[in-house]
Amino acid sequence: MEGTIPALKLKQLILVDGLSLKDGLNLLFFDGITNKDFLDGTGLQFKSVTVGKYLCAEAGGGNIIVANRTSASGWETFSLWRINATNFNFRVFNKQFVGFGTNGNGIEIVAVSSTPGRSETFEIVRSSNDSSRVRIKASNGFFLQAKTEELVTADYAGESKWGDDDPSVFVMTIAGRLQGEFQVTNGYGPELAPGVMTDHWRTFIRPHASTTLCRRAPLRALDNAFVWAQNHGLKVVIDLHAAPGSQNGWEHSSSRDGSQEWGQTDANIQQTVDVIDFLAARYAKSPSLYAVELINEPRAPGASLDSVTRYYKAGYDAVRKHSSTAYVVMSNRLSSDDPRELFPLASGLTGSVIDVHYYNLFSDVFNSMSVQQNIDFINTNRSADLSFVTTSNGPLSFVGEWVAEWAIQGATKEDYQRFAKAQLEVFGRASFGWAYWTLKNVNNHWSLEWMIKNGYIKL
Ligand SMILES: *[C@@H]1O[C@H](CO)[C@@H](O)[C@H](O)[C@H]1NC(C)=O
Ligand SMILES: *[C@@H]1O[C@H](CO)[C@@H](O)[C@H](O)[C@H]1NC(C)=O
Ligand SMILES: *[C@@H]1O[C@H](CO)[C@@H](O)[C@H](O)[C@H]1NC(C)=O
Ligand SMILES: *[C@@H]1O[C@H](CO)[C@@H](O)[C@H](O)[C@H]1NC(C)=O
């Protein structure tokens, strides 16, 4: 439909926050961040060299730290909140921070505080000849040691020879890391980060003409999108990708440490409504405003149907306060088993749109599929899925993200062409249209611009 292609071209420009690796930020990532092992959200596990077991937040947190686990998973993983290149808070499974206990002699290590302060701040010191060996210095100036399997204290003084007989030495494993805007910005630090981000917003996507609007701050990038769109007769769909607390736990919702807390309080729902109100007010008068998508990919069950529905109702009203014509797009919850769960709400709201994202990726079922099976899956399964949410009297349907990439290695150009063509045909039946993820990406097949220029996709 009219507006479909212009809308997709701008989708990438209009992330309000939460750019992620898949948008190309990895171009920035490995270039210049010195201590990139220790960015926000990195999950670390520590095995005591003397006890031979992992540190663990007993019961997941709210309790003592012990050193009695033979293997490491959730309770044994400590997520970094970075203060600077050497100092950190450690957040545990149940979201408390590691710090000093208040009982006894005040050197016992616990995970009870829900906000980090000085006593929850630790320095990580790495061995110079084996970067997997670390010592952890507490705010009292002493190092943590595993005294016994059940007693971890901050009372080890002095230097270390880093040997297997030193109870203050731990072998560190990196259990996971995030590569989002939060991580980029604190990786570069407060002095460099604003310049790095501004440069990215200013240069990553530009109009072909020589116009370069060089203003600072992310909001300026969004203003640019509207100016460029108007100059080129395009329409803009604003899509809020990062809501306070994170609605899905991934980098692109700007989760700090992989946690998902959006929608759990009235306060963070209201804050999100306020952002929509602000954006709608700012752009309602632009002839290029086509739609406002209230939030990208809230994920079940963390984002409950109840909180998502309450938010969508309030967000819809916030848009309508400023515009009677802008479409209001509601992203289906990921991992929900009912693709029509928003229909009771959306059917009663004029100009509402349901957004579904279809990737032949991110699930094991695609790993063993052949080229033809991938294409058949589009023609049968996706086609049926889309029909189910495309109704004559309900909300419009939008395939707001898809990509001509799959789990197949070594596919030919012709394979890709057929795969893309099948998706264009099927997703073209969505009543609101579709958007390719994404316009420009460091991975060629994820870059619509590259795919068109190189003859993989023909519109
Ligand atoms: C890092 O943060 C700690 C704790 O706030 C502070 O004591 C230290 O001086 C900082 N180091 C640098 C290099 O800024
Ligand atoms: C690191 O160097 C120290 C001092 O030379 C040595 O005692 C220790 O065994 C070395 N550790 C490793 C893991 O190479
Ligand atoms: C580890 O120590 C804690 C505290 O004493 C105890 O409750 C827990 O059962 C121990 N776990 C294992 C696996 O030994
Ligand atoms: C796709 O749809 C077919 C036909 O309805 C069904 O048999 C098959 O299990 C579906 N495939 C997947 C991976 O869900």
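The figures here come from the full heavy-atom set of this structure, side chains too, leaving out hydrogens, waters and symmetry mates. Both counts, for ligands and for their atoms, begin at 1 and track the order of listing.
Ring geometry for H445 against W450 counts as perpendicular: the plane angle is over 60°, on a 0 to 90° scale with 30° as the lower cut. Classification of the F46-F78 ring pair by plane angle, with boundaries at 30° and 60°, yields tilted. In this pair, W406 and F419 present their aromatic rings parallel. The plane angle is below 30°, not in the 30 to 60° band.
Scanning all protein heavy atoms for the shortest distance to atom 12 (C) of ligand 1 gives N84 ND2, 3.3 Å. For atom 4 (C) of ligand 1, the closest heavy atom belonging to the protein is N87 ND2, 3.7 Å. Among protein heavy atoms, the minimum distance from atom 14 (O) of ligand 4 is reached at N381 ND2, 3.6 Å. Closest protein heavy atom to atom 11 (N) of ligand 3: N68 ND2, 3.0 Å.
Only the side chain of R69 comes within 4.0 Å of ligand 3, counting heavy atoms alone; its backbone N, CA, C and O stay farther away.
Ligand-side atoms of ligand 3 in range of E150: 2 (O), 5 (O), range being under 4.0 angstrom from any heavy atom. Each of the following atoms of ligand 3 lies closer than 4.0 Å to a heavy atom of E58: 1 (C), 2 (O), 3 (C), 8 (C). Heavy-atom contacts of F377 reach the following atoms of ligand 4: 12 (C), 13 (C) (cutoff under 4.0 Å). Atoms of ligand 1 found under 4.0 Å from any heavy atom of I83, numbered from 1 in the order shown, are 2 (O), 5 (O).
Distance screen at 4.0 Å: atom 9 (O) of ligand 1 has no protein heavy-atom neighbour inside the cut-off. There is a protein heavy atom less than 4.0 angstrom from atom 2 (O) of ligand 4.
For the residue pair D130 and S132, a side-chain donor N or O sits within less than 3.5 Å of a side-chain acceptor on the partner.
The OG atom of S48 sits 11.0 Å away from atom CG of N68, with the distance rounded to the nearest 0.5 Å.
The environment of K95 atom NZ is dense: over 12 non-hydrogen atoms of other residues, nucleotides or ligands sit within 6.0 angstrom.
Residues meeting the side chain to side chain contact (heavy atoms under 4.5 Å, CB included) test with Q260, sequence neighbours left out: R299, A303.
In this structure, R340 satisfies the cation-pi test against F388, with its NZ or CZ atom closer than 6.0 Å to the six-membered ring centre and inside 45 degrees of the ring normal.
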